[in-house]
Protein chains: 2
Amino acid sequence: MDDEATRARQELGLLLRRLNVELDAVGQRFADVHGLNRTDVRALVAIMDAARRGEALTAGRLGEAVDLRSASVTALVDRLERVGHVRRVRDPEDRRRVGLEMSQTAMAAGAEHFGGLARDLVGAMEGYSDEELAVVRRWLEDMTAVITRHARAEPPSPPS
Amino acid sequence: MDDEATRARQELGLLLRRLNVELDAVGQRFADVHGLNRTDVRALVAIMDAARRGEALTAGRLGEAVDLRSASVTALVDRLERVGHVRRVRDPEDRRRVGLEMSQTAMAAGAEHFGGLARDLVGAMEGYSDEELAVVRRWLEDMTAVITRHARAEPPSPPS
DNA sequence: GATAATCTCTCGACGATCGAGATAATCGAC
DNA sequence: GTCGATTATCTCGATCGTCGAGAGATTATC
């Protein structure tokens, strides 16, 4: 591959990084608007995702999802509960466990903020053909695979 | 646009979010390995980017780049200087200003971690034709524009 | 039942960030 | 040149998020 082709590919990597920065900024903005910190937002997203899958997250599983110790999860849920975004619900089957339920207002706020972004993204894709989006999809999956490998462990080079 | 087409586009949005999470994890991993926090990593990246552009970041500009007040920037630079990643250099022309220079070891560490990722990403793009990558590029730019608009201000809907 | 395992919470400490104000250097007007 | 306004950075004290250690409560195992 000649230099020109390599450089074009490197630029796509930089574009990806720029997109990453802006996407993080969207989350930061949601946090600012609602008086939350980044961890709180990550937690709400995790709870929403779980709810969408039909599961009710427990305190422990939330801690795994956002990588926090139990003491921090307690403080985190205290904060979210204090402002009314989540509710603690003791599991009747295993009363050690504490389920987490999102309030309707929190669900609505999240849907408005992130749902609006999703809607606009879909709108911006209207002009693309199915074939073009298939290419994009394959590319995204390939890039995600590479990135995930780097995120988990640091191989000197990809196990080719 | 029918439901099937819309759903395919929504899935690309989810793929993008997943990629974002993994990319953040790469930065987190760099932080873990080197005993830094996320802010420190963001600061080092900002300093590296500036250095690549041939500029030496001052303390104030670094604060703007990572969105921290001056008190926090002082503490931040103290941390980075203490472990030898950056050096304070008084600007001889305006001695109020403090320039920041990255150490060779820090540059090398960053190049190894993030440069390795960049190399692998380029490698994963080898199988794509120029035309395919042009589509991907256009798509990335379009998506970044939409995301940036949401990150800066929250319009009820894109100003179409 | 006794004991081990699991899940969450409490407590004390540490560290990152901030607001207010201090310090030092530069710029502009005279 | 000199003085006041401005700019850039730093110091100090306080606040808040996170953690480690361990307690309390519940369930599983024998």
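What you are looking at is a predicted structure, and each value in this text was computed from that prediction instead of being measured. Lettering of chains follows the sequences in order, A, B, ..., and the numbering in each one begins at 1.
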S.K.: Is there a side-chain contact between A:Leu100 and A:Leu80 in this structure, where contact means two heavy atoms from C-beta onward sitting under 4.5 Å apart?
M.R.: no

S.K.: Can you find an N or O donor on one side and an acceptor on the other, under 3.5 Å apart, linking the side chain of B:Arg96 with the base of D:dT9?
M.R.: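 No, no donor-acceptor pair under 3.5 Å.
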
S.K.: When you check the gap from the basic side-chain N to the acidic O, do A:Glu22 and B:Arg152 get nearer than 4.0 Å?
M.R.: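 Looking at B:Arg152 together with A:Glu22, the answer is yes, because their closest N to O distance falls below 4.0 Å.
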
S.K.: Would B:Arg137 and B:Asp130 pass as an ion pair if we require N to O under 4.0 Å?
M.R.: no

S.K.: Tell me, which of residues 45-66 of chain B have any heavy atom that sits under 4.0 Å from an atom in DNA chain D?
M.R.: B:Thr58, B:Ala59, B:Gly60

S.K.: Tell me the interatomic distance from B:Asp91, atom CG, to D:dA8, atom P, rounded to whole angstroms.
M.R.: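 Roughly 11 Å, once rounded to whole Å.
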
S.K.: Taking the nucleotide of DNA chain D with the closest heavy atom to each, which residue, A:Pro92 or A:Asp40, is nearer the 5' end?
M.R.: A:Asp40

S.K.: Can you tell me which nucleotide in C:dT8, D:dG17, C:dA25 comes closest to the side chain of B:Asp94?
M.R.: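 The answer is C:dA25, which lies nearest to the side chain.
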
S.K.: Test of understanding: with side chain to side chain contact (heavy atoms under 4.5 Å, CB included), list the residues that count as partners of A:Arg52, not counting sequence neighbours.
M.R.: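 A:Arg52: side chain to side chain contact (heavy atoms under 4.5 Å, CB included) contacts with A:Met48.
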
S.K.: What is the separation between atom CZ on B:Arg38 and atom C1' on D:dG17, rounded to the nearest whole Å?
M.R.: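 That distance rounds to 16 Å.
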
S.K.: Got B:Val98 and B:Arg90 here, is their nearest side-chain heavy-atom distance under 4.5 Å?
M.R.: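 Contact flag for B:Val98/B:Arg90 side chains = yes.
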
S.K.: What is the distance, rounded to the nearest whole Å, between atom CZ of A:Arg95 and atom P of D:dG24?
M.R.: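 A:Arg95 atom CZ is separated from D:dG24 atom P by 18 Å.
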
S.K.: What are the two closest non-hydrogen atoms of A:Gln10 and B:Val122, and how far apart are they?
M.R.: CG-CG2, 3.7 Å

S.K.: Could you tell me how far apart B:Leu80 (CG) and D:dC10 (P) are, to the nearest whole angstrom?
M.R.: 13 Å

S.K.: For the pair B:Asp49 and A:Arg17, evaluate salt bridge (Lys or Arg N to Asp or Glu O under 4.0 Å) and give the outcome as yes or no after the intermediate values.
M.R.: CA-CA 12 Å; B:Asp49 283 351; A:Arg17 192 166 67 125; 3.0 Å; yes

S.K.: In whole Å, what is the span from the CG atom of A:Asp67 to the C1' atom of D:dC19?
M.R.: 12 Å

S.K.: Measure the distance from CD on B:Gln28 to C1' on D:dT18 and round it to the nearest whole Å.
M.R.: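 Atom-to-atom, B:Gln28 to D:dT18, this comes out as 13 Å.
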
S.K.: Can you see whether B:Tyr128 has A:Arg138 sitting over its ring - NZ or CZ less than 6.0 Å from the centre and within 45° of the normal?
M.R.: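 Because its charged atom sits under 6.0 Å from the ring centre and within 45° of the axis, A:Arg138 does stack over B:Tyr128.
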
S.K.: With both distances kept under 3.5 Å, what pairs with D:dC30, Watson-Crick or G-U wobble?
M.R.: C:dG1

S.K.: Output the distance between atom NE2 (A:His85) and atom CG (A:Asp40), rounded to the nearest 0.5 Å.
M.R.: 9.5 Å

S.K.: Give the residues of residues 68-79 of chain B touching DNA chain D, defined as any heavy atom closer than 4.0 Å, sorted by residue number.
M.R.: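 Nucleic-acid contacts, sorted: B:Ser70, B:Ala71, B:Thr74.
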
S.K.: Scan A:Arg88 against the nucleic acid and name what it touches under 4.0 Å (heavy atoms): base, sugar-phosphate only, or nothing.
M.R.: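 A:Arg88: backbone/sugar contact only, no base atoms under 4.0 Å.
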
S.K.: Return the value, rounded to whole Å, for the distance between atom CG of A:Leu100 and atom P of C:dT8.
M.R.: 8 Å

